[in-house]
Each structure stands twice: as C-alpha cells, then as structure tokens.
Amino acid sequence: MNSYLKVIGLFFGGVLLCACGRNQDNSSSETTTPVWIEEVKPRTIEEYVTATGTAKATQTTEMKSEMDGKYVLQRNPKTGKPYQLGDAVEKGTVIIRLENKQYENDVQLESKKLQVEIAEKEWEGQKTLLEKGGATQKDVNTAETSYINAKLALENAYITLGKMEIKAPFAGVIVSLPYYTPNVEVASGQTMAGIMDYSKMYVETQFPENSMPKLKVGQRVHITNYNIKSDTLKGELTQLSPVINEDTRTFLGYILIDNPKLKLRPGMFAKADVVTVRKDSVLSVPKDIITRRRGNQIVFTVDRSAAVEKTIKTGINDDKYIEVKSGLEKGDRVVVKGYEWLRDRSRVKVMK
C-alpha cells in the first residue's frame, strides 16, 4: 500500500512540474514585434480624375518661300552660329534671306521713298498757298491724295521686299530646317523652316463616363511625364464635350498646360490629374496601412510599447494618403510598417 501511494505521489508531482513548466514557457513566449511609426498630422489632400494624352504645341507653323532667290541662312546673334534646330527665336526674327538683285531693282524702293518726300512737300505747299489765297481746296485735296498714294506705294514696296526674308511669325523654337546649300537658287513655294511655340501646350484626352459629374471647366490639373518625374506642371481644364462616345463610353476634354521652361516637348506622353476635390489641413494616414476587420477600417497606434487597435472613418484620398474623419488625433503614432502581424495590445518595439 505504501509503495502504491509513493508511485501515485511521484506521478502527480511530475504532472504538476510539467504544468508549471508549460506556464513558464507560455509567459516567456510572447514575442515583441518590430514596427515603424509615423505621426498623424494635417495635410492637403486632393482627389483626382486621371487621364492621359499626347502633349501638343499651341502654335505651330511651316514657312515657305514666296519668291525665287539665293538661299542665305542667317546667324543666331545669341550663339554666333547659323540658325539650327532647337534655337529659340523671337517674333520677327529673320532666319533666312533670299537674295535676288533683279527683284530688288524692280521694286524701286529708293524711288518710292523720294516720291513720298516730293508728294509730302507738294501737299504742305498747297496748304500754305490756300491760306494765302493762291490755291483752292481742290488743289490741296489733290496733293493730299498724291501723298497718300505715294505712301501706299512705299508700304507695298516694303511688303514686297519682305518676301525676301523668312521671319518667325511668333516667338518659338525652330523644329524643322531643311538643308539647302548656301547661295543655291531656291524656287518659290519651297519649305524653309518650321516654328513651334510650346511654352503653352495642350492635351486632348478622353475621360470615363462616370467622371462627368465631377469635372468642370476651370479645374486645376497636375501634368506629369515619365521622363521628367521630378517636375509637375500646372494645367487647366479648358473644354469638355457634353457627348459620350457610344463605343468607348468616354467623352472628350482639352487641358491647357503651362510649360515655361520647355521641359515638356511636343509629342510627349502626358499624365493629367484633374483636381476635383481639395481639402487643406486634414488629418491623414497612408492609405495602404488600413486593414478591414469585421467590416471596420482598422489601423494600429503605439502606446507604451503596445499596439492599440483603432477603428477609423475616412474621407477623400490621393495616390498616397487618405483623410481620417474620426478615430485618430493629431500626434498619434500610427504603425506604417509591421502592422500585418499585430493584434490589439501586441507588444511592439519601435524601430528608427
């Protein structure tokens, strides 16, 4: 009997020891999760409707010769070299001259200048005689008419000679300049140069049908290109079609772009984010840290080395952040990395 009792005692003693060991293991097995945090603070959030398209110059022209003459490419005073592709020019800049002596002689510019001087003096003389009674009003009118006709003839001569110069009709950049051998004879109607002004550009794009209620003419637009990611250009939504394309379920829109440093080039692909809603100084968190549990939106904050589960309500969002309407306060330390492994009251270690 004593032997039996000893065996039973040993058995239960072993069980108790095992149980105590397991409890000690459980209490020491709770892990600490490393997390990275970010303080909740106010931000400006803009909601967009995004579209894409090809950037185009607002002004473009191709200049042709209006007469025959020898080709003389002019020098760019900024570089000291003949004009070439990519050179910026001001309105009225002479890029090419066509030389034709016979054409100049036929215009008789100097003769027409002299005729203006003679006609003006005759008109002034007749007005003086009229005051003294030595001429009639008809004589004065006839002299004035001669003066006017002489001036018109001189202006036409200048216009005619102006055809010998290929001038930039507006400020822009030379984008085409066909090669001609210097002093070669060029016929009338030949392409001489192409100019583009792309300090302002536009994008013709298509918007999805469901965005029609959100879009209005005059809304601001952020323009980006994958080759110039560091720069965001300003734009404005200037036109919207009221008609939906039955095949694509889209509608047409035009966006005007400010491009003062000419970083966006004609023909480049452009991404347009039309700002439909903007809120300043709203609390926000990165939108990718929000998880859903039991139909609620959940984030984790850190309080005294413990994770705290927070249920939040959200508003508008941009490509990175989302507005927090309730559930968080300014300065709360929200977990932005490591939240995938957390539950309420999990032990955490804040990493830097």
Side-chain angles (χ1 to χ4, degrees), residues 54-114 116 154-203 223-235 256-270:
T54 300
K56 299 179 181 180
T58 52
Q59 292 191 87
T60 180
T61 188
E62 191 175 73
M63 298 171 289
K64 296 180 181 293
S65 57
E66 297 184 74
M67 54 166 286
D68 300 343
K70 292 182 179 180
Y71 178 88
V72 181
L73 182 62
Q74 302 299 288
R75 288 186 175 273
N76 184 343
K78 296 178 182 178
T79 64
K81 299 178 181 179
Y83 282 106
Q84 59 184 359
L85 294 176
D87 281 358
V89 293
E90 298 298 323
K91 180 179 179 180
T93 298
V94 179
I95 302 170
I96 298 164
R97 277 190 60 83
L98 297 176
E99 294 184 351
N100 188 323
K101 292 299 181 183
Q102 182 178 349
Y103 188 82
E104 292 182 56
N105 293 336
D106 290 344
V107 171
Q108 299 179 341
L109 180 64
E110 295 303 321
S111 174
K112 287 181 172 57
K113 286 181 181 180
L114 184 58
V116 170
L154 180 60
E155 289 176 8
N156 287 332
Y158 279 122
I159 292 172
T160 300
L161 290 176
K163 295 178 182 181
M164 301 178 71
E165 298 177 332
I166 308 301
K167 297 180 180 180
F170 50 79
V173 175
I174 300 175
V175 294
S176 66
L177 193 63
Y179 177 77
Y180 291 96
T181 302
N183 294 313
V184 70
E185 194 74 22
V186 175
S188 175
Q190 297 296 306
T191 299
M192 295 285 99
I195 305 290
M196 278 190 184
D197 174 14
Y198 54 94
S199 60
K200 284 189 177 292
M201 305 185 74
Y202 74 94
V203 169
I223 302 292
T224 54
N225 171 270
Y226 298 125
N227 296 318
I228 50 174
K229 293 181 180 179
S230 60
D231 291 291
T232 299
L233 301 176
K234 296 179 181 179
L256 187 65
I257 306 167
D258 288 326
N259 188 35
K261 296 183 179 179
L262 307 184
K263 290 188 175 181
L264 190 64
R265 304 296 178 85
M268 276 187 169
F269 178 83

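Everything numeric here is computed off the predicted structure, so don't read it as measured data. Throughout, residue positions are numbered sequentially from 1 according to the sequence presented.
With hydrogens and angles left out, the side-chain atoms of Lys64 and Thr191 include a donor and acceptor closer than 3.5 Å.
The pair Lys101-Glu99 does not meet the salt-bridge criterion, since no charged nitrogen lies less than 4.0 angstrom from a carboxylate oxygen. Asp231 and Lys263 are joined by a salt bridge, as a carboxylate oxygen and a charged side-chain nitrogen come within less than 4.0 angstrom of each other.
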Exercise. Going through the distances and angles, do Leu98 and Asp68 end up as a side-chain contact (heavy atoms from CB on, under 4.5 Å)?
Worked result: CA-CA 7 Å; Leu98 297 176; Asp68 300 343; over 6 Å; no

For this session: Would you check, one step at a time, whether the test side-chain contact (heavy atoms from CB on, under 4.5 Å) holds for Thr232 with Ile223?
Result: CA-CA 6 Å; Thr232 299; Ile223 302 292; 5.9 Å; no

Exercise. How far apart are the C-alpha atoms of Leu154 and Leu109, what are their side-chain angles, what is the distance that settles it, and do they pass the side-chain contact (heavy atoms from CB on, under 4.5 Å) test?
Worked result: CA-CA 7 Å; Leu154 180 60; Leu109 180 64; 3.7 Å; yes

Exercise. Going through the distances and angles, do Ile166 and Val94 end up as a side-chain contact (heavy atoms from CB on, under 4.5 Å)?
Worked result: CA-CA 6 Å; Ile166 308 301; Val94 179; over 6 Å; no

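For the atom pair Tyr83 OH and Thr93 OG1, the distance stands at 5.0 Å (nearest 0.5 Å). Distance check: Thr61 OG1 to Asp197 CG gives 12.0 Å after rounding to the nearest 0.5 Å.
With Asp87 contributing its side chain and Ile174 its backbone, the two residues share no donor-acceptor pair below 3.5 Å. Remark: side-chain polar atoms of Asp258 are not paired, donor with acceptor, to backbone N or O of Gly235 under 3.5 angstrom.
In this structure, Phe269 and Tyr226 have parallel ring planes: the angle between them is below the 30° cut-off, well short of the 60° mark.
Counting heavy-atom neighbours within 6.0 Å of Lys112 NZ, excluding the residue itself, gives a total above 12.
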